[in-house]
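The structure appears right after this line, and notes come after that.
Hydrogens, waters and symmetry mates are skipped; everything else that's a heavy atom, side chains included, is used. All chains are named by letter (A, B, ...) in the order of the sequence lines, taking the proteins before the strands, and each is independently numbered beginning at 1.
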There are 2 protein chains.
Amino acid sequence: MDENRYEVLKLKNQLCFPLYACSREVVKRYKPFLDKIDLTYTQYIAMMVLWEKKSLNVKELGECLYLDSGTLSPLIKKLEVKGLITRKRSDKDERNLIVEITSEGEKLKEQAVDIPMQIAGCTNLSEEEAMLLYSLLYKIIGRI
Amino acid sequence: MDENRYEVLKLKNQLCFPLYACSREVVKRYKPFLDKIDLTYTQYIAMMVLWEKKSLNVKELGECLYLDSGTLSPLIKKLEVKGLITRKRSDKDERNLIVEITSEGEKLKEQAVDIPMQIAGCTNLSEEEAMLLYSLLYKIIGRI
DNA sequence: TGTAATTAAATTGTTCGCAATTAAATTACA
DNA sequence: TGTAATTTAATTGCGAACAATTTAATTACA
């Protein structure tokens with residue numbers, strides 16, 4: 001009677017699964033708001049970094065977002081096509097591609113500023129629970 | 001001086017971002033283990049449901065995983081090619097595709113049973129913290 | 001100095017993830 | 001009963017994610 005061996009393989013006993021499911025569900029919640037400013041979620045978080053930092057290279061952006069050039073290279077090109085950023089090689093080290101926000105990109109910030117508040121109601125967590133969740137997530141990320 | 005308006009747009013003030021980043025990082029942790037049994041993470045959680053339920057249709061599988069047929073249809077075909085499941089239309093209602101585990105699929109369970117324990121050390125959370133995280137995540141998922 | 005090692009970004013190829021549409025089967029109900 | 005509405009999967013198209021490889025530039029160091 002050691003069928004209990006398999007209990008660990010049940011979805012309900014997994015921690016990773018709700019993490020994966022929850023992440024996708026919350027990102028989906030952003031969609032109607034992001035559609036209005038013609039950004040995907042990944043483009044949005046990339047713009048968040050650029051709204052704050054104005055200019056950085058692909059590697060630095062990747063460190064902020066935990067994404068590599070395989071994901072970022074095509075994404076950055078799409079942001080350039082939209083006119084939100086510029087791409088140019090560094091003079092000091094031509095291996096580096098400098099991504100810089102444009103005035104058009106800066107303007108988008110104004111349209112995006114209300115999104116966090118509109119999204120806030122999407123979770124039914126209290127302020128304390130949200131802060132707790134935040135710190136637990138960063139505790140895991142920090143170790144990885 | 002209301003530059004504080006933009007504080008909400010900083011990555012560090014987002015709850016969704018660490019959720020998104022953490023999910024991807026943890027899934028990445030599964031990769032070396034899942035490579036050994038030739039499954040992707042999504043295929044793995046689909047197999048988890050099948051190890052438990054033996055047989056269900058696409059809709060039911062989708063409800064378990066919060067995924068739709070757009071994601072599942074091609075994934076199920078790949079599992080069939082691997083010989084882990086069979087696909088057949090229901091006699092009662094031909095709209096339903098019944099996905100059923102094969103003996104080959106059952107055998108894989110034996111190889112997978114150690115993965116959860118091997119992964120367990122991937123987070124540096126205590127048992128209490130893990131349970132807390134689990135319940136916070138399901139609280140969000142439940143509402144959505 | 002010249003070659004080897006390293007670094008940064010881009011590219012390639014595969015698998016999601018999902019919105020929107022399509023096709024086929026079933027159900028509702030006028 | 002016959003048509004409309006609904007339901008279920010599959011398909012289409014696009015944008016991530018990511019491993020692995022490639023290309024080009026820079027750095028290390030023999």
With the criterion being N/O to N/O and under 3.5 Å, what pairs connect the protein with nucleotides 11-19 of chain D, and how long is each?
residue : atom : partner  : partner atom : Å
dT11(D) : OP2  : Lys77(B) : NZ           : 2.6
dA16(D) : OP1  : Thr40(A) : OG1          : 2.5
dA16(D) : OP2  : Gln43(A) : NE2          : 2.7
dA16(D) : O3'  : Thr42(A) : OG1          : 3.3
dA17(D) : OP2  : Thr42(A) : OG1          : 2.8
dA17(D) : OP2  : Tyr20(B) : OH           : 2.3
dC18(D) : OP2  : Arg24(B) : NE           : 3.4
dC18(D) : OP2  : Arg24(B) : NH2          : 3.3

>> Let's go through Arg29(A) and Glu25(A) carefully: what are the C-alpha distance in whole Å and the side-chain angles of both, what is the deciding distance for salt bridge (Lys or Arg N to Asp or Glu O under 4.0 Å) to 0.1 Å, and is it a yes or a no?
In response: CA-CA 6 Å; Arg29(A) 275 290 167 116; Glu25(A) 294 295 336; over 6 Å; no
So, [X] and [Y], do they make that salt bridge, N to O below 4.0 Å?
X: Lys107(B); Y: Glu104(B); result: yes
X: Glu80(A); Y: Lys77(A); result: no
X: Glu7(B); Y: Lys10(B); result: yes

>> I'd like to know if the side chain of Arg89(B) and the backbone of Arg95(B) have a donor-acceptor N/O pair within less than 3.5 Å.
In response: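 Looks like yes, one N/O pair under 3.5 Å.
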> Which base, if any, makes a Watson-Crick or G-U wobble pair with dA30(D), both distances under 3.5 Å?
Replying inline: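 By the stated definition (distances under 3.5 Å), dT1(C) pairs with dA30(D).
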> Could you give the start and end, 5' to 3', of the contact zone on DNA chain C for chain A, using atoms under 4.0 Å from its heavy atoms?
Replying inline: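 So the outermost contacting nucleotides come out as dT7(C) to dA19(C).
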> Pick one: which of Ile115(B), Asp114(B), Val113(B) meets side chain to side chain contact (heavy atoms under 4.5 Å, CB included) with Leu9(A)?
Replying inline: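 Testing each of Ile115(B), Asp114(B), Val113(B) against Leu9(A), the sole residue satisfying side chain to side chain contact (heavy atoms under 4.5 Å, CB included) is Val113(B).
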>> Can you tell me which residue among Leu136(A), Leu133(A), Ile141(A) is in a side chain to side chain contact (heavy atoms under 4.5 Å, CB included) with Pro18(B)?
In response: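 Considering Leu136(A), Leu133(A), Ile141(A), a side chain to side chain contact (heavy atoms under 4.5 Å, CB included) with Pro18(B) is found only for Ile141(A).
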> Any side-chain heavy atom of Leu50(A) within less than 4.5 Å of one from Leu56(A)?
Replying inline: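 They are in side-chain contact.
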>> Using a strict heavy-atom distance below 4.0 Å, which residues from residues 79-97 of chain A are in contact with DNA chain C?
In response: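 Arg87(A), Arg89(A), Arg95(A), Asn96(A), Leu97(A), in order of number.
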> Could you give the distance from CZ (Arg87(B)) to CG (Asn57(B)), rounded to the nearest 0.5 Å?
Replying inline: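 The CZ atom of Arg87(B) sits 13.0 Å away from the CG atom of Asn57(B).
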> Just by distance, with hydrogens left out, do Tyr30(A) and Gln118(A) show a side-chain donor and acceptor under 3.5 Å apart?
Replying inline: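 Gln118(A) and Tyr30(A) do not have a side-chain donor-acceptor pair below 3.5 Å.
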